[in-house]
K.L.:
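Okay, here's the structure, questions in a sec.
All values derive from a computational prediction rather than experimental measurement. All heavy atoms count here, side chains included; hydrogens, waters and symmetry mates do not.
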Amino acid sequence: MNNIIYVILRRLRFPVLLVIIVYAISVLGFVLIPGIDDDGQPYRVDFFHAFYFVSFMGTTIGFGELPHPFTPAQRMWALVCIYGTVTAWLYSFGKVLALLQDPVFSRIVRRRRFTQQVKDIQTPFYLICGFGSSGVTLASELALQGINTVVVDIDPEKIESIEISNIIVHVPAFCGDAGDPEILNDAGIKHPYCVGVLATTSNDQVNLSVAIASKLLAPERIVISRSSHADTTENLASFGTDHIIDPYETFAEQLTWALHKPYQFMLQQWLHTPNDDVYEKLALTLRHLGDIRQFNNEEQDNESSREFGLEHWIICGYGRFGQALYRRFDQLGVRCVVIEPNLTVANAPQGSIVGTGVDEASLVQAGVHDATGIIAGSNTDANNLSIIMTAKALNENIVTVARQNHHINKPLFDAANVDIIMHPSELVYFKILLLVQNPLLVKFIALMHRKTDLWGQVLLANIHDICGNGRINCWTLSVDEIHAEGIMKALSRGYDISLGLLAKSTQSIWSRPVSMPLLVKRAQNYILVPGSDYLLQAGDEVLFAGLPGVERRIYRTASSYAVIYYLITGKDYSRSFLGKWLDRRAEKV
């Protein structure tokens, strides 16, 4: 507010002084110039009437001469004052309009309005730094869940796009450098309702600045940052960034995971993606990768399923994406041939081929006819599509993986029937959304990595028995007074509450198992896939997977002591004073 007043006073100082001086001279002239009253006697206008006349004269209202008709001298002075005051007002109005159109003043006003909007937020919100495709999708998805967001981006067009976006709630946004600590302060980094900071820009240095400033200004805030270089990742980790997402390393990990542990990969993707047809799509993709006939309830040799699709791969483009994939394949002992137009700059491995991969000669030299798969990883979508189409023409059975750099080209990649598409922004958005929505699911996936693929196959089959080929939901139940009042009350009265008891509450609607616990967090310990006889304690967090709608039933059960009491004793919980007294006596017995 102080900045706005300062700018107004500085820019309008001369116009205001000019109007004051013109008015003062005009009033003084009318006071000094004598007039004639109705009786022919000389008189002088007092200051009040002089100021009154100059005021309506300067605004061109023109009520008339007062208190008596003017003499020629007074009228001559009135003419001078008319042009003087009108000119002063026109000049002042011009300066006011210029001030309103001034970019600096407009920015100050917008910043003031933005700061006030952030201060008025009374619900939890996330601060999104960077409103690219990842930021837009994050804001939209979080809004659907009733979570507010605040946006900061240096591109004015992206900030303006918020007004025409499909976000269902108002999103306070400001155009500025997200790495500026003052802007972060205005954006609510210290706001009591700020949950965390999401650094999603495509510039690693900006993300690093945001993460550092956030951890210094508000160390208790969760910081999730995007990173595309190893040195940036190390810097982010050194400042205590809670979650660092490298889209290239993440995709390389997922692709090699799909090849190395296909059942675990399929389970992960199925748990992550809340779509009805995701299971069948994943099954088709992985069948193409390894020619696996069944993914549910079929016994297979674990070693043969582990090594499918790992024979020979071609990587076109040895940038950040290609390097991340090459390292992962090299760890698995997979033979990879790199095609790169500039081997010296890219520091490509020995045996690499000079080229882009869009021509048949370089692909044939790389062994495309007997290759298991090809990865088009350049930073140009047109080249990536050309690589895929050329490779398919030479080897119709080859597995295709392509990097999609721009979201608008998605229909082209879909039309090309690419087996696996990697879009960096979508991958970042998806990982951040998962961390925000269900961090316990992220922990479950990390712990699942340590298990064998046979373990993943059995768990996949068990979940498939529950959900079939349809959609699967994951949710977390916190055993506390807010989310599980009924369980907490039963525990305080000495009852044992097992996970099987919660599953029992769904049998009145579904006659078969419709959910299963995947993970229990107790203090700093994690129990992977606990059994139905696992006893809950206060403070536990339980990750469930099941059919859509089951979570509401379990939440209601956990919140109602009457339902818990019925499940334990088989009797209705009495709400009368006498009934409660008898129940307490029965509990003591």
K.L.:
Quick check: His191 with Phe125 (ring centres under 6.0 Å apart)?
P.N.:
yes
K.L.:
Can you pull the ring-ring contact (aromatic ring centres under 6.0 Å, His included) pairs that have at least one residue in residues 142-186, sequence neighbours excluded?
P.N.:
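For residues 142-186, and leaving out neighbouring residues, the ring-ring contact (aromatic ring centres under 6.0 Å, His included) pairs sorted by first residue read Phe114-Phe174.
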K.L.:
Would you call the rings of Tyr318 and Tyr326 parallel, tilted or perpendicular if under 30° counts as parallel and over 60° as perpendicular?
P.N.:
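Tyr318 vs Tyr326 ring planes: perpendicular.
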K.L.:
Do Cys129 and Val206 have side chains that approach each other closer than 4.5 Å (heavy atoms only, starting at C-beta)?
P.N.:
no
K.L.:
Tell me the closest heavy-atom pair linking Phe413 and Arg403, and the distance in Å.
P.N.:
CZ-O, 3.7 Å
K.L.:
Find out whether Leu343 and Val354 are in side-chain contact, i.e. whether some heavy atom of one side chain is under 4.5 Å from a heavy atom of the other.
P.N.:
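A side-chain contact exists here, since the closest heavy-atom pair is under 4.5 Å.
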K.L.:
Will you find, in the side chains of Thr232 and Ser227, an N or O donor that is under 3.5 Å from an N or O acceptor?
P.N.:
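No, Ser227 and Thr232 have no side-chain donor paired with an acceptor closer than 3.5 Å.
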K.L.:
Which atom names give the shortest non-hydrogen contact between Pro124 and Val195, and what distance separates them?
P.N.:
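Heavy atoms of Pro124 and Val195 come nearest at CB-CG2, 3.6 Å.
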K.L.:
For His407, does the NE2 atom have more than 12 heavy-atom neighbours from other residues, nucleotides or ligands under 6.0 Å away?
P.N.:
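At most 12 heavy atoms, drawn from other residues, nucleotides or ligands, come within 6.0 Å of this atom.
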K.L.:
Looking only at heavy atoms, which two atoms of Ala416 and Met389 are closest? And how far apart?
P.N.:
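Of all heavy-atom pairs spanning Ala416 and Met389, the closest is CB-SD, 4.0 Å.
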K.L.:
List for me each residue that meets side chain to side chain donor-acceptor pair (under 3.5 Å) alongside Asp381, sequence neighbours excluded, and say none if there are none.
P.N.:
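Residues passing side chain to side chain donor-acceptor pair (under 3.5 Å) with Asp381: Asn405, Asn409.
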K.L.:
Look up atom NZ in Lys443 and atom CG in Leu518, then write down how far apart they are to the nearest 0.5 Å.
P.N.:
15.0 Å
K.L.:
Return the set of residues passing side chain to side chain donor-acceptor pair (under 3.5 Å) with Asp414 (not counting sequence neighbours), or none when no residue passes.
P.N.:
Lys410
K.L.:
Looking at Asn473 and Pro548, what are the two nearest heavy atoms and their distance?
P.N.:
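That closest heavy-atom pairing would be ND2-CA, 3.6 Å.
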K.L.:
Before you tell me yes or no, could you show the steps for Ser425 and Ser133 under side-chain hydrogen bond (donor to acceptor under 3.5 Å, both in side chains), namely the whole-Å CA-CA distance, both residues' side-chain angles and the distance that decides it to 0.1 Å?
P.N.:
CA-CA 6 Å; Ser425 296; Ser133 55; 3.1 Å; yes
K.L.:
Strictly by modelled atom types, are Ser225 and Asn207 linked by a side-chain donor-acceptor pair under 3.5 Å?
P.N.:
no
